[in-house]
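Here the structure is laid out as structure tokens; the discussion comes afterwards.
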Amino acid sequence: MLVSDALAQTPNPQAVIDQTATFYLNQGVLGATCLVFIGLFVGACFVIRSLYRDVKASHAASLAAQMADRDKVVLALNAAATAAEKAAVAQDSLKSALATNKDASEDLTKQVELAAQETRHAVGNILAAINGLATQAARGRA
């Protein structure tokens with residue numbers, strides 16, 4: 001069978017709908033009831049289609065919001081990573097500064113100890129000189 005033959009045998013949809021409607025109307029109350037149910041079914045299909053479109057639009061909006069939130073989270077993570085790198089660099093700088101301060105403090109402590117020792121020696125020498133002068137002065141009077 002060729003495609004054109006198959007198309008030729010296919011009934012016209014509008015003609016089928018008209019024949020069906022005429023058949024049900026000829027049946028009386030039963031036909032009218034069937035038409036009402038068919039109308040309700042078609043109405044329900046339109047409502048379902050409308051709800052489906054609403055849900056689809058809602059999902060699209062939700063997805064767009066999630067994408068925007070995801071972009072914000074990615075930016076925040078990048079900022080946090082950059083801040084962590086800067087903090088690590090600052091910590092290394094602080095560590096080297098503290099090491100330098102420690103070395104300087106140790107050097108200063110050694111210098112203060114040497115200065116204190118020299119001062120004690122100088123004070124001791126001055127005291128010895130004063131004692132020597134006092135002894136000579138005491139001999140000179142006697």
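S50 places no side-chain N or O within donor-acceptor distance of the main-chain N or O of F46, the cut-off being under 3.5 Å.
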Distance-only check: which donor-acceptor pairs under 3.5 Å involve side-chain atoms of residues 101-119, not counting sequence neighbours?
unit_1: T109; atom_1: OG1; unit_2: S105; atom_2: O; d: 2.7
unit_1: T119; atom_1: OG1; unit_2: A115; atom_2: O; d: 2.6

Under 3.5 Å, sequence neighbours excluded: what are the donor-acceptor pairs made by side chains of residues 51-64?
none

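Side-chain contacts under 4.5 Å among hydrophobic residues (ILVMFWY), followed directly or transitively, place V74 with no other residue at all.
In this structure, CZ on R70 lies 10.5 Å from CG on L75, to the nearest 0.5 angstrom. Remark: T135 OG1 to N131 CG distance equals 6.0 Å, nearest 0.5 Å. Atom CD1 of residue I38 and atom OG1 of residue T33 lie 11.0 Å apart, to the nearest 0.5 angstrom.
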